[in-house]
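Report on one structure; see the data block that follows.
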Protein chains: 2
Amino acid sequence: MQNSNDQAWSREEFADRLRGMERYYHIHHPYHVLMNEGKLNKQQLQGWVANRYYYQISIPIKDANILANCPDRKTRAIWIQRILDHDGHPDDPGGIEAWVQLGMAVGMSREEITSLEHVLPGVRFAVDAYVNFARRSDWHEAASSSLTELFAPKIHQQRLDNWPEHYPWVKQEGYIYFRKRLSEARRDVEHGLEITLDWYRTREQQERMMDILKFKLDVLWSMADAMYLAYITDMPPYFNIAD
Amino acid sequence: MQNSNDQAWSREEFADRLRGMERYYHIHHPYHVLMNEGKLNKQQLQGWVANRYYYQISIPIKDANILANCPDRKTRAIWIQRILDHDGHPDDPGGIEAWVQLGMAVGMSREEITSLEHVLPGVRFAVDAYVNFARRSDWHEAASSSLTELFAPKIHQQRLDNWPEHYPWVKQEGYIYFRKRLSEARRDVEHGLEITLDWYRTREQQERMMDILKFKLDVLWSMADAMYLAYITDMPPYFNIAD
């Protein structure tokens with residue numbers, strides 16, 4: 001590993017190294033590659049939407065934990081926008097509702113999505129690990145773990161570009177979420193990046209932040225792994241148990 | 001689901017239904033079936049031992065969380081034995097050390113095991129979910145979630161019976177852990193079962209306990225899923241990323 005006497009990276013190099021972690025982003029996971037190439041069947045696409053819904057409903061809990069651990073009023077006043085964006089407010093039904101619309105646009109009922117009946121244990125455990133990290137960590141570390149948002153605009157744009165051709169049966173309302181996040185993620189990431197570049201100053205601290213970002217990438221990759229085993233390999237939990 | 005007016009199960013029927021959950025035990029997971037049939041290669045057996053080590057070192061943390069939430073001195077005085085069994089005491093090097101011996105008996109170095117370098121994110125998230133359940137739940141619920149121990153003696157006995165034939169290269173010291181747990185698990189499960197049968201009295205509470213046991217079974221199954229994808233399907237995290 002690093003020698004603790006190594007010189008700290010400059011602000012620019014640190015930011016570049018964080019951006020370089022895109023190589024581990026779930027955009028490269030076979031499940032997402034198949035999705036982007038139009039090779040998922042309807043059930044496999046629904047499986048992703050239904051499981052990812054658990055991530056969507058957990059994000060405001062994650063952000064509320066960051067608020068709960070953050071004594072800095074100015075940071076809270078900015079960060080709270082993320083909760084409003086997901087849960088909704090009088091002018092916006094919110095990101096969770098937009099995800100329900102996506103679920104219905106791919107052919108599920110609201111009840112089927114919100115009941116969490118399709119959520120795989122492996123997905124639940126990975127998402128809960130992210131929420132627990134926010135609950136138990138210093139708020140700067142929790143805030144900086146959200147920086148996979150650096151890579152999100154590209155994956156959303158890909159879906160907007162390729163789904164209409166590959167999955168023409170997906171209804172238009174399904175695209176609201178991806179468009180919404182294109183602008184929100186760009187704004188959120190500026191704030192998250194500023195907190196991160198300010199907070200980790202020594203080389204040892206900067207390396208620690210690389211590990212935190214890797215942890216968050218592990219969360220996303222593991223979610224896709226559980227879906228791959230369940231819906232591509234046809235081995236969901238207890239698949240071989242006669243009931 | 002159940003009607004909340006349904007009559008509670010008798011103590012005997014409740015115990016029988018808990019035992020019936022054995023059908024979801026990881027003894028039926030393809031990874032364990034292959035292991036028991038002698039069909040794992042050395043690397044696949046090592047992968048299981050190295051990953052399961054993370055479970056072993058987390059169990060005393062899980063039990064310490066139960067102690068930390070339990071105001072009943074008599075229960076603590078019995079439950080603490082589990083921590084002593086795993087961490088060791090002057091008369092016993094303990095279960096974690098016995099697991100390290102198993103790791104060395106299957107051909108790894110102590111450093112390779114204790115560094116956690118082989119632990120897969122999916123295994124880590126599943127095990128952490130169990131520890132977090134103990135941290136955040138009523139202590140009776142946390143204690144009762146350990147009842148997969150009902151099913152453990154059979155899986156340990158299988159290993160003692162079949163490994164010497166299937167994996168003759170495994171050194172003798174590897175069997176200490178399994179033999180140790182054969183007697184400990186039988187004693188622990190009596191206490192865990194007593195707490196459980198006393199605590200859940202209404203049908204609704206009993207059904208809740210079935211869900212808790214299912215959660216713990218999900219933890220074990222998900223651990224095996226992550227190992228299956230990594231070592232049988234040859235798709236460990238980031239397997240397709242050139243570094």
Side-chain angles (χ1 to χ4, degrees), chain A residues 1 20-34 61 65 115-117 119-136 211 214-243, chain B residues 1 20-34 61 65 115-117 119-136 211 214-243:
Chain A
M1 303 298 177
M21 294 293 275
E22 196 274 344
R23 68 187 180 279
Y24 300 116
Y25 193 50
H26 62 179
I27 199 170
H28 306 296
H29 191 285
Y31 206 91
H32 288 271
V33 172
L34 291 169
I61 313 284
N65 274 292
S115 67
L116 308 181
E117 64 193 86
V119 178
L120 299 160
V123 168
R124 189 180 286 266
F125 297 150
V127 171
D128 289 351
Y130 186 33
V131 175
N132 272 309
F133 182 78
R135 183 177 285 126
R136 293 169 51 78
D211 290 342
K214 186 65 173 2
F215 155 75
K216 173 62 190 296
L217 290 160
D218 287 347
V219 167
L220 298 175
W221 194 277
S222 291
M223 290 172 65
D225 271 355
M227 292 182 233
Y228 191 95
L229 199 64
Y231 306 127
I232 309 290
T233 313
D234 287 325
M235 292 176 62
Y238 316 115
F239 71 100
N240 57 338
I241 314 283
D243 214 23
Chain B
M1 302 300 175
M21 295 293 275
E22 197 273 346
R23 67 187 182 279
Y24 300 117
Y25 193 49
H26 61 178
I27 199 171
H28 307 295
H29 191 286
Y31 206 89
H32 288 271
V33 172
L34 291 169
I61 313 284
N65 275 291
S115 68
L116 308 181
E117 63 193 86
V119 178
L120 299 160
V123 168
R124 188 180 287 266
F125 298 150
V127 172
D128 289 351
Y130 185 35
V131 176
N132 272 308
F133 181 77
R135 183 178 285 125
R136 294 170 50 78
D211 290 342
K214 185 65 171 5
F215 155 76
K216 173 61 190 299
L217 290 160
D218 286 346
V219 167
L220 298 175
W221 194 277
S222 291
M223 290 171 66
D225 271 354
M227 292 181 231
Y228 191 95
L229 199 64
Y231 306 127
I232 309 289
T233 312
D234 286 326
M235 292 177 61
Y238 316 116
F239 72 99
N240 57 338
I241 315 284
D243 213 21

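In what follows, chains are A, B, ... by sequence order, proteins preceding strands, each numbered from 1.
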Is there a side-chain contact (heavy atoms from CB on, under 4.5 Å) between B/Arg136 and A/Asn132 once you walk through the steps? CA-CA 11 Å; B/Arg136 294 170 50 78; A/Asn132 272 309; 4.3 Å; yes
Would A/Val123 and B/Phe125 count as a side-chain contact (heavy atoms from CB on, under 4.5 Å) if you check the C-alpha gap in whole Å, the side-chain angles of each, and the deciding distance to 0.1 Å? CA-CA 9 Å; A/Val123 168; B/Phe125 298 150; over 6 Å; no
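With a 4.5 angstrom heavy-atom cutoff, B/Arg124 does not touch chain A via any of its atoms. Contacts between B/Tyr130 and chain A at a heavy-atom distance below 4.5 Å are absent for every atom of the residue. Residue A/Val219 touches chain B through both its backbone and its side chain, counting heavy-atom pairs closer than 4.5 Å. For B/Asp225, the parts lying near chain A are the backbone and the side chain together; criterion is any non-hydrogen pair under 4.5 Å. Within the 4.5 angstrom heavy-atom criterion, atoms from both the backbone and the side chain of A/Leu217 approach chain B.
In plain terms, the two heavy atoms of A/Pro237 and B/Trp221 that are nearest each other are CA-NE1, 3.4 Å. Scanning both residues, B/Ser222 and A/Gly122, for their nearest heavy atoms gives OG-N, 3.8 Å. Here the shortest heavy-atom pairing between B/Arg23 and A/Ile241 reads O-CD1, 3.2 Å.
Contact tally against chain A (heavy-atom pairs below 4.5 Å) for B/Pro30, B/Ala129, B/Ala224: the top residue is B/Pro30. When the candidates A/His26, A/Lys214, A/His29, A/Met223 are compared by the number of heavy-atom contacts under 4.5 Å with chain B, A/Lys214 comes out ahead. Interface summary for chain A: among B/Ala226, B/Ala126, B/Ala230, the most heavy-atom pairs under 4.5 angstrom belong to B/Ala126.
With hydrogens and angles disregarded, a donor-acceptor distance shorter than 3.5 Å links the side chain of A/Asn240 to the backbone of B/His28.
Taking OG1 of B/Thr233 as the reference point, atom CE of A/Met235 lies at 6.5 Å (rounded to 0.5 Å).
Residues satisfying the side chain to side chain donor-acceptor pair (under 3.5 Å) test with B/Tyr231, not counting sequence neighbours, are B/Asn51. Legend: residues meeting side chain to side chain donor-acceptor pair (under 3.5 Å) with A/Asp218, ordered by chain and number and at least two apart, are B/Tyr238.
Inter-residue side-chain proximity for B/Arg135 and A/Arg135 is flagged as unmet; no heavy-atom pair is nearer than 4.5 Å.
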